Undergrad: 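Okay, here's the structure, questions in a sec.
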Amino acid sequence: MEAISRLVAELDAADQKAAQAAIGAGFAYGLAAIGPGVGIGYVVGKAIEAMARQPEAAGMVRTTMFLGIAFTEALALIGFVVFILLGL
Amino acid sequence: MTVVTDTAQPEVEVVWDMVRRAALASPVLLVLGFAIWGTPGLVGAAYGLLLIVVNFVGSASSIAWAARRSQVLLMVAVMGGYLFRLAFLFATVWPVRQVGWISIHSLCATMLATHLGLLVWEIRFVSVSLAHPGLKPRRTGKIQSRRT
């Protein structure tokens with residue numbers, strides 16, 4: 001711990017700024033991936049439930065599920081773009 | 001483990017229609033990328049377009065493959081596929097973020113615009129009914145006159 005604080009103290013302002021940007025970018029990407037992950041899990045869970053109740057509607061449910069997943073994934077994509085642009 | 005007996009692949013049908021529309025929209029995106037960011041913008045737009053199309057095709061293929069086998073595998077394929085696709089995007093975009101021949105801003109803008117744009121565009125052509133679980137049926141030829 002002492003070594004880390006000494007290392008941080010030795011960094012100049014530019015390095016500290018870069019390090020903080022990298023940490024922020026990592027948090028942005030991680031947090032942006034959690035939400036869609038939960039959402040996709042919920043979408044698929046409900047779709048499987050619907051397919052189990054009505055197997056004849058499986059095709060319809062799968063189409064809706066696919067589009068729902070793709071829309072939810074757009075949130076993760078936005079987080080990814082922010083991560084890439086912050087981490088430059 | 002419940003085996004799904006439905007053998008149709010509506011998501012694959014939908015995604016190939018999206019690929020067709022991506023091919024139609026690609027000249028506009030490429031010209032926009034070139035006009036704003038120059039040649040690196042053109043390369044970035046092409047790369048972004050390719051990544052999103054691969055992302056969609058991979059997602060639909062894995063879902064169709066898993067849905068033919070079992071519902072448990074479907075859950076695994078979707079959640080695992082999500083993580084895999086995030087890792088794929090990271091692995092393909094991170095190495096090119098600071099190279100000179102590709103504009104990262106063009107790449108990011110194209111990825112977002114293509115992903116959301118294709119989805120919103122495709123919504124208009126999706127049927128989601130028991131008779132047509134994927135795309136809406138296309139009108140073919142003449143309208144039949146009603147016989148009395």
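Note that this is a predicted model, so its numbers are computed, not measured. All chains are named by letter (A, B, ...) in the order of the sequence lines, taking the proteins before the strands, and each is independently numbered beginning at 1.
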Undergrad: Should we count CH2 of B/Trp121 as having more than 12 external heavy atoms under 6.0 Å?
TA: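 Yes - once you tally the heavy atoms of other residues, nucleotides and ligands closer than 6.0 Å, there are more than 12.
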
Undergrad: Does any non-hydrogen side-chain atom of B/Leu86 lie less than 4.5 Å from one of A/Glu73?
TA: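 No. Closest side-chain heavy atoms not under 4.5 Å.
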
Undergrad: Would you mind reporting whether A/Val43 and B/Val78 have side-chain heavy atoms less than 4.5 Å apart?
TA: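 They are not in contact (no side-chain heavy atoms under 4.5 Å apart), so the answer is no.
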
Undergrad: Nearest heavy-atom pair of B/Pro10 and A/Gly59: which atoms, and what distance?
TA: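 Smallest interatomic distance, heavy atoms only, reads CG-O, 3.4 Å.
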
Undergrad: Give the C-alpha distance, both sets of side-chain angles, the deciding distance and a yes or no for ring-ring contact (aromatic ring centres under 6.0 Å, His included) between A/Phe80 and B/Trp94.
TA: CA-CA 10 Å; A/Phe80 177 70; B/Trp94 186 256; 8.9 Å; no

Undergrad: Check whether A/Ile69 gets within reach of chain B through its side chain, its backbone, both or neither, counting any heavy atom under 4.5 Å.
TA: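 The answer is the side chain of A/Ile69.
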
Undergrad: Can you name the nearest heavy-atom pair linking B/Leu112 to A/Val81, along with the distance?
TA: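 For B/Leu112 versus A/Val81, the nearest heavy atoms are CG-CG2, 3.9 Å.
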
Undergrad: Over all heavy atoms of both residues, which pair between A/Arg62 and B/Ala64 is shortest? Give the atoms and the distance, please.
TA: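 Closest approach of A/Arg62 to B/Ala64, heavy atoms only: NH2-CA, 4.1 Å.
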
Undergrad: B/Glu13 versus A/Thr63: any side-chain heavy-atom pair under 4.5 Å?
TA: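 Heavy-atom side-chain distance check fails, nothing below 4.5 Å.
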
Undergrad: Determine whether more than 12 heavy atoms belonging to other residues, nucleotides or ligands lie under 6.0 Å from atom CZ of A/Phe27.
TA: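 Result for CZ/A/Phe27: open.
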
Undergrad: Return yes if some donor-acceptor pair links the side-chain N/O of B/His105 with the main-chain N/O of A/Leu85 below 3.5 Å, else return no.
TA: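 A pair under 3.5 Å: no.
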
Undergrad: Go through A/Leu67, A/Thr64, A/Thr72 and name the one with the most non-hydrogen pairs under 4.5 angstrom from chain B.
TA: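 Most heavy-atom pairs within the cutoff with chain B belong to A/Leu67.
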
Undergrad: Would you say B/Ile123 and A/Phe71 make side-chain contact, with heavy atoms under 4.5 Å?
TA: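 Yes; the side chains approach each other to less than 4.5 Å.
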
Undergrad: Over all heavy atoms of both residues, which pair between B/Tyr82 and A/Ala33 is shortest? Give the atoms and the distance, please.
TA: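 Closest approach of B/Tyr82 to A/Ala33: OH-O, 2.9 Å.
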
Undergrad: B/Gln71 and A/Ile48: which non-hydrogen atoms are nearest, and at how many Å?
TA: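 Where B/Gln71 meets A/Ile48 most closely, the heavy atoms are O-CD1, 3.3 Å.
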
Undergrad: Given that the side chain runs from C-beta out, which part of A/Ala47 has a heavy atom under 4.5 Å from chain B: side chain, backbone, both or neither?
TA: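 Contact with chain B involves no heavy atom of A/Ala47 at all.
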
Undergrad: According to a 4.5 Å side-chain heavy-atom criterion applied to Ile, Leu, Val, Met, Phe, Trp and Tyr, with indirect links allowed, do B/Leu30 and B/Leu116 form part of one hydrophobic cluster?
TA: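 Different clusters: B/Leu30 never reaches B/Leu116 through Ile, Leu, Val, Met, Phe, Trp or Tyr contacts under 4.5 Å.
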
